[in-house]
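Following: one structure in structure tokens, then a few remarks.
Residue numbering restarts at 1 for every chain, and letters A, B, ... go by the order of the sequence lines. Since we're looking at a predicted model, the values are computed, not measured.
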Protein chains: 4
Amino acid sequence: MTDGRTRRREDTRQRLFVAAVDLIAEQGFSATTVDDIAARAGVAKGTVYYNFESKTVLFEELLRHGIGLLTAEFRAAVDGLPPLEALGALVRAQLEYIRRYRAFAQLLLSEMWRTNREWQQTLRLLRGEAIAVIADTVQAGVDSGDLPADLDVRTASSALFGVGLVVAVDWLVFSPERPIDEVQESLLGIVRRVART
Amino acid sequence: MTDGRTRRREDTRQRLFVAAVDLIAEQGFSATTVDDIAARAGVAKGTVYYNFESKTVLFEELLRHGIGLLTAEFRAAVDGLPPLEALGALVRAQLEYIRRYRAFAQLLLSEMWRTNREWQQTLRLLRGEAIAVIADTVQAGVDSGDLPADLDVRTASSALFGVGLVVAVDWLVFSPERPIDEVQESLLGIVRRVART
Amino acid sequence: MTDGRTRRREDTRQRLFVAAVDLIAEQGFSATTVDDIAARAGVAKGTVYYNFESKTVLFEELLRHGIGLLTAEFRAAVDGLPPLEALGALVRAQLEYIRRYRAFAQLLLSEMWRTNREWQQTLRLLRGEAIAVIADTVQAGVDSGDLPADLDVRTASSALFGVGLVVAVDWLVFSPERPIDEVQESLLGIVRRVART
Amino acid sequence: MTDGRTRRREDTRQRLFVAAVDLIAEQGFSATTVDDIAARAGVAKGTVYYNFESKTVLFEELLRHGIGLLTAEFRAAVDGLPPLEALGALVRAQLEYIRRYRAFAQLLLSEMWRTNREWQQTLRLLRGEAIAVIADTVQAGVDSGDLPADLDVRTASSALFGVGLVVAVDWLVFSPERPIDEVQESLLGIVRRVART
DNA sequence: TATGAATGAGAGTTCATTCAT
DNA sequence: CATGAATGAACTCTCATTCAT
């Protein structure tokens, strides 16, 4: 199972993932060619098709992989924490994630609110899983009285996710020199104020 | 004589704009073909090229047109208002705009934070003009003492623009049944709270 | 017949001829667009079609006009002259013509030995008329004993025409600083030597 | 392993060369489509672009290949010969070449004296290399006293090249039934007579 | 007599995908 | 497990031609 061949193959897949995410973040899915991906990964074009059924499938697995990671970090962040602290931990986790996987975050920002794309179903589903963690935390806050009782949990969670994404990416693209702590503080400050209502 | 011709041509360009913005918002620039655009506009393919140098130029003029409109509405909104009220007016104007030109807003959200695209220069420039109106208002608020003196005006304006965009589009895509007033209230509430700091 | 309208139209046709001959000489027939021709002639594209049935017809009339002129000058040159002097006069006439209508000469050089072109029939016919004047002169020289009796009149005339064309155009393109008299002398010298055989 | 592939690819390129030269000679560069070339070579259209950057590049490599061959034959022809004999050898070599690669010769005749074409730089350069061999021979003849001391070497070489081309192609197009030896004799006769001056 | 907006067939080019090696 | 030559459908763009003004 984890013999030489499997490891080699896993390595190739990993390099293709990295190459694809960078290029698609920069140029978008359609503008990124399989040739580009293979070249940046340092393999032949045929190798892409040996490892993935198609360009679309490669992209879908990429989304699955990336958002799965984010969801896992969300779950780890809130584990055992009381609602308000958990909310802060989520913001921190999202920022950390975006900083580490900047290209993937850009890609998400570009694709998340599109319509009529092949992988839309997949994306909505994955988005739902990530936001569910946020929603659970928000719901817990409402139940415990830490958050206003009339809060629309679904919309608030959705907005929280989107705001974190856009603010962090905006920071990375337009003010990369600004320290992340400031950004984190601003976001946490806003969340706390909203919570207090 | 020349007037009839000019009017006809202007009409054709307008229809191409409308067709292009819808399709590109849904599918992205690369995935949208010139054939699609021509078909939706109800003209022949050659007509697209008679009116625009290239697909890229059509898109750039589209960006210019759309963001120009937004900037104009921003300017009209803040005209003569004191800082805090002006800030509220900006939020309202942005939401109104996004509701009216939903497709264009989606398109902006998808392209604004990308790198390495042909029209990036154009986009950055236009974004700068729109954000300048916000920045002027924020700066006035800082000067008047309505906003915290240590506020990073540039970053705050940038974030305000991004948050408005992502929240409004998220609402249109994922909770279209929710009345816009609520969204507006939420956003205004957040802005006011931040202002009070 | 020669009223205002006709004169204006004739003027437009003339300008289109001049524009077309220049452009086609430089770039070839296919690479020259009707837009190019109209622009250089300073008229609208529709005007080309108002004056000529099609691009091909414009070109054919151009060939007819240009080679007709050359043939006429050939006829005028040899008129009344004894064979050997007539031969020299032909060389001079051809060089004069090429110098005056350089672009047309280039165009001829490019198209004359092509096969499978639409206007080939026309071109062969016109070429035949021009070469007939040369052939008549050569034949007269053979008959009078000034030229060798076993000379293949047809081939010799054909070659004379081609050599004149290629040497003159080569001179115009690659050694334009060299005076025409030298070129003429060289050519006449060769012809005279061949004649003496 | 790699050898099999390389050979296959080289084979494809060769077939594309042959197909392209025939078609372009007949119809000209612009009038020849990539579809035509692919069809005659018996490959798919995409294969043309897998092997050549563009239609223009294919044509440039074609020119390079064809004129390179001619230059090589010129060099082989004059090798070790005294000036006058070398001159005769050049004429023979040129005629042989044109007879063998008739299509390429027609193409050269059509393109050589054009201006404003993309590959002009390339063509001038290659023409220079071929004519340099002639010029060296002519210069040797001048130095040895076999040719007139006041001969303009550059112009004479240029003209010799052009005359050989136009006479040979004229013969192939308009009198293909005439044996090549006669043509060769005529040309050699002229050259010898000029030499005697 | 002249115009120029519009057209659509067809050109050059790209690229996801296949497959023999 | 990996390769890269070949493919052909689909793309962007061009341009000779038409026609209402």
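- Between C:T32 and B:T32, the residue anchored closer to the 5' end of DNA chain F is B:T32, taking for each the nucleotide with the nearest heavy atom.
- Map D:K55 and B:T12 each onto its nearest nucleotide of DNA chain E; the residue landing nearer the 5' end is B:T12.
- With the nearest nucleotide of DNA chain E identified for both D:S30 and B:G42, B:G42 has the one nearer the 5' end.
- Checking F:dA5, E:dA6, E:dA16 against the side-chain heavy atoms of D:R8 singles out F:dA5 as nearest.
- The distance from atom CZ of D:F52 to atom C1' of E:dG12 is 16 Å, rounded to the nearest whole Å.
- Nearest to the side-chain atoms of B:N51 among the listed nucleotides E:dA6, E:dA16, F:dC15 stands E:dA6.
- Picking from F:dC13, E:dG4, F:dA6 the nucleotide with the shortest atom distance to the side chain of B:K45 gives F:dC13.
- The aromatic rings of D:F29 and D:F59 lie tilted to each other, with the angle between the two planes from 30° to 60°.
- Counting any heavy atom pair closer than 4.0 Å across all strands shown, B:T56 reaches no nucleic acid atom.
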| request: Start with the C-alpha distance between A:R13 and A:E61, add both sets of side-chain angles, then the distance that settles salt bridge (Lys or Arg N to Asp or Glu O under 4.0 Å), and finish with yes or no. | output: CA-CA 11 Å; A:R13 282 174 65 94; A:E61 294 199 21; 2.6 Å; yes
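- Straight-line distance from the CG atom of C:D35 to the C1' atom of F:dC13: 14 Å, rounded to whole Å.
- Following rounding to the nearest Å, B:R7 (CZ) and E:dA6 (C1') show an atom-to-atom distance of 18 Å.
- Distances from the side chain of A:Y49 to the nucleotides F:dC13, E:dT18, F:dT21 place E:dT18 closest.
- Comment: C:E111 engages C:R114 in a salt bridge, judged by a side-chain N to carboxylate O separation of less than 4.0 angstrom.
- Distance from the side chain of D:V43 is smallest for F:dT7 among the nucleotides F:dA10, F:dA6, F:dT7.
- The aromatic ring centres of B:F52 and B:F17 sit less than 6.0 Å apart.
- In this entry the distance linking CG of D:L16 with C1' of F:dA5 reads 13 Å, nearest Å.
- Here the CG-CD distance, from C:L107 to C:E26, works out to 11.0 Å after rounding to the nearest 0.5 Å.
- Using a 4.0 Å heavy-atom cutoff across all strands shown, B:T47 reaches at least one base atom of the nucleic acid.
- Each of F:dT3, E:dT17, E:dT3 was ranked by its minimum atom distance to the side chain of A:A44; first place goes to F:dT3.
- The side chain of B:R9 approaches E:dA5 more closely than any other nucleotide in the set F:dA16, E:dA5, F:dA6.
- A donor-acceptor pair under 3.5 Å is absent between the side-chain atoms of C:T122 and the main chain of C:E60, judged by distance alone.
- Put simply, CD1 on B:I37 is 17 Å from C1' on E:dA6, counting in whole angstrom units.
- Closest to the side chain of D:Y50, out of F:dT14, E:dT1, F:dT7, is F:dT7.
- For the pair B:D36 CG and F:dC11 C1', the computed distance is 11 Å after rounding to whole Å.
- Salt bridge annotation for C:R15-C:D11: present, with a cationic side-chain nitrogen under 4.0 angstrom from a carboxylate oxygen.
- Here E:dG4 presents its C1' atom at 15 Å from CD of B:E10, a figure rounded to the nearest Å.
- Between the CD atom of D:E53 and the P atom of E:dG12 there is a distance of 16 Å, given to the nearest Å.
- Among all heavy-atom pairs drawn from C:L16 and C:A41, the shortest one is CD2-CB, 3.7 Å.
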Note, DNA chain F 5' to 3' with Watson-Crick or G-U pairs under 3.5 Å encoded as ( ), [ ], | and . gives .||||||||||||||||||||
